[in-house]
Amino acid sequence: MSKTIDVMKEKRKVSEQVRNNIKAFNKLKREILKSLEAGQKTIPEIAREIESDIDVITYNLMTLIKYGFVVAGEIDDDDEYYYYKLKNKK
Amino acid sequence: MAKINPDFAKELKEYGALDLNACYNCGTCTAVCSLSDEDNSFPRKMIRLSVLGLEDELQSSVDPWLCYYCGECSETCPQQTDPGELMMTLRRYLTAKYDWTGLASKLYTSKIWEFGAIIFLAAFILVLFIFFHGPMTTELTDDGGVKLNTFAPWKIVEIGDWIMAGLLSFFLLSNIFNMYLKIVRNDKSIKIPLKLYFTEFWALIVHFATQLQFSKCDTELTGKKYTFSTYWIIHWFLMTSYVIMLIMIMVFLGWFQTDNIYEWWHPQRLLGYYATIGLTIGIVYFFIERIRKKSEKSKHSHVTDWTFLVLLFLTTITGILVHIFRIYGMPYPTYYMYVFHLMVLFPMLMIEVPFSKWSHLAYRPFAIYFNNVVIAARKQSK
Amino acid sequence: MTQPNEFDVLAIGGGIAGEEAALNLANIGYKVLLVEKDLSIGGKMIHLSKVFPTLDCGACITTPKVSETARHPNISIYTNTVIEDIEKHSENDFSATLVEKPRYVTDDCTGCQICEEKCPVVVDDQYQWDMVGRKAIYIPFSIANPRIAAIDIENCSLCGLCEKVCPADAIDFTQEEKRSTIKIKTVIIATGFNLFDPTLIPRYGFGKFQNVVTAMQMERQLVPTRPFNNVLRPKDGKMPDNIAYILCVGSRDETIGNPICSQVCCMYSTKQAQLLMGALPMADVTIYYIHIRAFGKGFCEFYQQGKGMGIEFIKGKVGLIKEKENGNLIVRYEDIQEGKVKEAEHDLVVLSVGILPNTDFSTMFKNTKIEQDDFDYVKQVDELSSPAKTNIDGVFVAGTSSGPMDIPDSILSAGAASAEAAGYLKGGKK
Amino acid sequence: MKNRIGVYVCHCGSNISDYVDVEKVKEIAGKENDVILSKTTMFACSDSAQNEIVDDIKEQNLDGIVVASCSPKLHLNTFRNVAQRAGLNPYNYIQVNIREQCSWAHSDNKPGATEKAIKLVRAGIERAKHSQALTPISIPSKNAVLVVGAGIAGMRAAIELAEMGTEVFLIEREYFVGGRASQWNELFTTNETGREVVSRLYNKIIKTKNITLFTGADIDSKSGSVGDFDIKIKIKPRHVKSGCVLDLEKFKKAVDVCPVEFDDPFNFGLTKQKAIYKNYPSEFPEIPAIDFDRCNKCGECVKICPDIDLEQKEEILNINVGAVLLTTGASPYEPQKGEFGYKEIDNVITLQQLKRLIDLNEDELTYHGKKIKNIAYVYCVGSRQVDGENKYCSRYCCTSAIHTAIMVKEKYKGINNFHFTRGVRTYGKQEILYNKSSKQGDIFLQSFEDSPTEVYHEKGQTVVKIKDILTADKELEVNADLVVLVTGMVPRENNSINNILKVPIGRDKFYNEIHPKLRPVETVIDGVLIAGACQAPLNITESVKSALSAGAKVNSLISKGEIELEPTLAQIDKSSCNWCDKCTDVCPYNAIVKKEYDGKTIAVVNEANCKGCGICLPVCPSNSIQLIGYTDVEIESMIEALID
């Protein structure tokens, strides 16, 4: 059965920005998930590890929570930052 | 306990304030002002005192002199109360109140007085020249210049200068003393150790010479790319030019008003050129600013602002013309222009220095000095 | 499915006012068409946390009205649809052109969200006010109505995955704009409001300092379907413990052209502050204000309650905000009661942004222009005795289209519009 | 007995789940006998959750459902509709309130809240098991309404209702219509005067066919219930014959000869009034009236004008309506003697008096013969009280005071206005008035609750003093020629209506609606609606909005010819009842009547009147009364579940 997406592909072109966004998100997703493989971490810890701007980490980490890759854990001892961990790991 | 005087705002309007009553006391103006601090929080406090008509408190306040009218407050005021212009107005008001003769008040609030005084003083000079001028010789000097000193011998003019300087200083200093009484001696509860007058004296010197506060306006506090330095440089250029001119005619008139024509690099000519160029550029800049009304501080021009600029401009132009007519050997134009030059110069100095805009140059550093003394005294007594 | 093209009433805007007006008229027995430009009805209210002064949750009050509207036999709803023009021919005789934008998803969608899982694109989620990402195919929000996905074609990578995985075969990229003309007898404008964009006041650093947020962003952080796992700073995910509210951002301000008071910010800020004290028991909350406008039924008591809970109210509007290295913010303000300029450090600053008219209505009416007041809201031509009446007979205004209003006032205003519209309909051709 | 029960435990966002362990509640409920399924849901009221319930009922063939969520006040009907859509009788749906009764009430004790929720849910399940399928009672309704109070709100609602096709009886307690608005001159924002608006509306009313207006009329008694109220209206005689408009000359003479003189309430005591009067010449209805309580029946006026009839008697009129709309409005707060110098210092008046004063003074503002220059307005008198009872903000007064100050300044020369405020609340577009008054030179001062403005008399001067927070707490004072107390709103005294209709009254003493957002103009008394300033302080536009809104609700309620009523009624067992009269005595709704049946006298319930309150049950000596929907079996099984 032919897909309707082909109709759309003839009408529209995907912009460079959309492609770059996907690449950037996938890269960050890989890095964040990899970083959390080793154990739970706070946002500043993740940002330090993968040397990215902290606000970018916050945004993407929260998106990963929304789509079920990561869950929030306990808060740190200073009551400042939550720990985040992979969803399927205890 | 203080009584409210709602009529005061109307009185203040004559000095130039716009919609000061529109203020709803949000404090934005004070919060954005880079010169405002915990010791001196303005301009809202000044607006409030003006609206309520608490004259005693206004007159004992230094805040208006601490403001350099960067215009941030007026730009950000949500009620368009124009606090910056109110501070300018209060400076006019205070100038009038410091002046014990009451002339300043008349000059600020009445066009008849302002222009009448100019015409009167100009006429006085004209009469002096009509009756007492020297011979109007067409004979030129060896260099081909006009013999100005024959028509108006510098020694005699210098005596006139000194009399005028004496008068000016008397008025200005007595007004500053009046200011001192209002600002420092108003609050009798604070004891001011004599020592402080000496230890804080540096402020007077520094601020008089540099108008340092000005540069503080130029911060990126509000996140805007707003350079105040251009303004400060031009102001400083104008002020030094003016001071050089003043010193040359007051102290070194014999050296300055010569019949000899020196080479162009001679210090007499160089200083003269610096000063005239400085004055011309400055005046033209402020003319343009006031006409364009783009920056906050030049949006609203009181009649005295224009009078001052026009007089200064005429003085400069006539001074330049006297110089040109003299070195190119044109006797009559030189003589007439010289008379006209003095007819403008004299009223300008007599009115502006003790009673009007030019007195600000003295009041500002003195205000900072007095303020520092009071604050230091308050801190010591704590 | 063929839709009828004749209705008694056209209600423009599916927010709480549009729904209330539509429900009232439908209950009397009129056929109503409700047109919403967004993907879901419910307006802004459905996104709110709890609402003042009763503190019952916004969704709890909106959703029953939303479902009642959606199910009412006398109400038809077009979402994702804009009105191109409305023409009045005579009394009780209007026509309108509607343009329904393609969702690229058909009504067969069950809202299972499998497509959303697979979609590779992540862009800002406008329903969470850009604090978190969403996919290019998405259900607008969990309690959206209709709960049908839509494709954001601008950001779609055209990978076709969604179409492959959809169990209901609901993806349809061949959809195109649908234009239709309808006949109606009366029109109710309920287009609502926009929020002030605080980037227009650069002194507050919104957009530059990420820990400066709008009240709507805070509102989202306080609802159960929030973007983060708790109330957190958008910059670094830190739990804030010293929060400031700045009132009158974009209202009562001539410099941005909105001299009037927005009527709700004082109360919603007080409400959020109370909720924050529940969510973050250790947090300090400071509200910087000019005047506290707690005027409605129960509002003053609510404000006193907030004070009693320990919210600090400081009279004085913040002049500017500076950011520190650690993301904390320094606010500079004049403490009016002391008459002194001060600086205070907070770790999160909330801008209580004001209300501006949504002027979409202004271009719809073709043969007679709809009159606007000095502030661009719909002009009420007989404000004292017929508050819903506009300059066009048969066109009525409901809710915040006629000025800033809180929810109870909007609902009453919608009630008034429905009564006046019903009177007009009954009057027939006058 | 139902044996296929579905249980839904709602998170209510986090309203419930923050305190009650909803998962635990769900699990325990799932283990109960006859419970087929037990689920949690984020928002049970959301559309998707509703659909899920519908699907469950159909697929699992459920015969009873329990939703543990919020108060039934909010969502009982929502879920009854869900049941109905799924083909289940709505009365097999039971709502358990675990929000107001558990999570909110016990936010400090989470385990306790959870335990209580479990018990309540179990009781709910028991009740569902014993629930019966019921059919709502449908009663005919009359498409007619009684609107009480012919102020702007009442008149406006009457017109709109009539236009929508409902017959309207509009009654006004005073002899003249217009209420408070007729006392005010120019109004914000249109600058139309109150009287102009009143006359516009009055002219419309007399032209509208199906509105009947009675002035001098009050509710005397009420029987019946929604759809079919029988209401007796008491009409005070006007003593000036209707149908005859006195000519102006004669009326003036009649007023002249009247010997009775007293403070005119219309002008708040600023002027005197005679027993025969009209508040202002163009007042409606055009016929003057005689204040018979004050009239000494001397008969002087009758000599001048034979149209006057001192013998007229009170009339009682019966009307039958489907609903009642109360638009009885508010009164200005009357300051106590000595409150800011009121009635102690000569030149202290209220804002309402100032408004009348402006109306009465043409070229120059004088009070007690003295020319006025400085006016001090003291705000929040009778509102936002620190010590007094009125904690609420009266909403309209800031704007009203400022608007009046602008008018004073525009009308008279040389006035200075000083506003002693507690923070100006000119919300919304009213802000431009505040702006305007500031710009015209009015001076605003502000104090906080802890240091109120003071008014005192000293050396022949009235002084107003404030610690002004806008001037760093400086003490400031003004010598005022006139001190104007900006008084708030209090509800009108309506004791008779309150007693007859039993409308609930809130803490602020205004009538209380069911819910400010969901049902803002309805009261818990079916068929009795409220609108305008009797509900809360409101300005004219806001009152009219609420009045029109109520109009729409009234119309949709009664225009269909029939109304569905709750079937939860008292039911009397005919066999065991031996008429003893005890139940009729206690019934607050007059719903029980005596009837002959099968040769004996028994009590019978009038279904339209019965509210299902249950008060008759415990007084019945023979235990012959059951409350449908709350039968003894249901209640007993619930109690058992609770104590188990």
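Letters go in sequence order (proteins before strands), and every chain restarts at 1.
Within the 4.5 angstrom heavy-atom criterion, only side-chain atoms of D/Val197, from C-beta onward, approach chain C. Within the 4.5 angstrom heavy-atom criterion, atoms from both the backbone and the side chain of C/Pro408 approach chain D. Looking at C/Lys340, neither its backbone nor its side chain comes within 4.5 Å of chain D, counting heavy atoms on both sides. The contact between D/Asp508 and chain C is made entirely by side chain atoms (from C-beta outward), counting heavy-atom distances below 4.5 Å. When heavy atoms are compared at a cutoff of 4.5 Å, C/Asp382 approaches chain D solely by way of its side chain, counted from C-beta outward. With a threshold of 4.5 angstrom between heavy atoms, D/Asn435 approaches chain C through side-chain atoms but not through N, CA, C or O. Only the side chain of C/Asn145 comes within contact range of chain D, with heavy atoms under 4.5 Å apart. Interface remark: C/Tyr289 contributes side-chain atoms only to the contact with chain D (heavy atom separation under 4.5 Å). At a 4.5 Å heavy-atom cutoff, the contact between C/Glu254 and chain D is made by side-chain atoms alone. Neither the backbone nor the side chain of C/Val264 comes within contact range of chain D, judged by heavy atoms closer than 4.5 Å. Both the backbone and the side chain of C/Pro53 come within less than 4.5 Å of a heavy atom in chain D. Contact annotation for C/Thr62: neither backbone nor side-chain heavy atoms come within less than 4.5 Å of a heavy atom of chain D. When heavy atoms are compared at a cutoff of 4.5 Å, C/Leu222 does not approach chain D at all. Only the side chain of C/Phe375 comes within contact range of chain D, judged by heavy atoms closer than 4.5 Å.
When each of C/Ser410, C/Cys60, C/Ala417 is scored by its heavy-atom pairs under 4.5 Å with chain D, the top score falls to C/Cys60.
Using a cut-off of 4.0 Å between Lys/Arg side-chain N and Asp/Glu carboxylate O, C/Asp409 and D/Lys517 are scored as not salt-bridged. A salt bridge is defined here as a Lys NZ or Arg NE, NH1 or NH2 lying under 4.0 Å from an Asp or Glu carboxylate O, and C/Asp406 with D/Arg395 fails to meet this definition. Under a 4.0 Å N-O distance rule, the pair D/Lys553/C/Glu20 qualifies as a salt bridge. A salt bridge links D/Glu431 to C/Arg293: one of the charged nitrogens lies within less than 4.0 Å of a carboxylate oxygen.
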- Task: Kindly determine whether D/Tyr427 and C/Met405 satisfy side chain to side chain contact (heavy atoms under 4.5 Å, CB included), including the steps that lead there.
- Result: CA-CA 9 Å; D/Tyr427 56 92; C/Met405 251 173 245; over 6 Å; no
- Begin with the C-alpha distance, continue with both residues' side-chain angles, and end with the deciding distance and a verdict on side chain to side chain contact (heavy atoms under 4.5 Å, CB included) for C/Cys57 and D/Phe43. CA-CA 11 Å; C/Cys57 70; D/Phe43 283 112; 4.1 Å; yes
- Message: Assess the residue pair D/Glu160 and C/Glu420 against the criterion (side chain to side chain contact (heavy atoms under 4.5 Å, CB included)); give the C-alpha distance rounded to whole Å, side-chain angles, the decisive distance to 0.1 Å, and a yes or no.
- Response: CA-CA 7 Å; D/Glu160 207 62 56; C/Glu420 289 184 47; 3.8 Å; yes
- Message: Using the rule given for side chain to side chain contact (heavy atoms under 4.5 Å, CB included), can you reason through C/Leu412 versus D/Glu542, listing the C-alpha separation, both sets of side-chain angles and the distance that settles it, and then say yes or no?
- Response: CA-CA 8 Å; C/Leu412 289 179; D/Glu542 289 157 352; over 6 Å; no
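You'll find the side chain of C/Gln263 stays beyond 4.5 Å of the side chain of D/Lys429, heavy atoms only. Inter-residue side-chain proximity for D/Phe448 and C/Gln337 is flagged as met; some heavy-atom pair is nearer than 4.5 Å.
Taking the centre of each ring, C/His291 and D/Phe444 stay at or above the 6.0 Å mark.
Under a 3.5 Å cut-off, the side chain of C/Lys297 and the backbone N or O of D/Asn512 do not form any donor-acceptor pair.
Each of D/Cys380, D/Cys393, D/Ser383 was evaluated against C/Cys300; a single residue qualifies, D/Cys393, per the side chain to side chain contact (heavy atoms under 4.5 Å, CB included) test. Among the candidates D/Thr541, D/Ile540, D/Leu187, the single residue satisfying the side chain to side chain contact (heavy atoms under 4.5 Å, CB included) test with C/Glu383 is D/Thr541.
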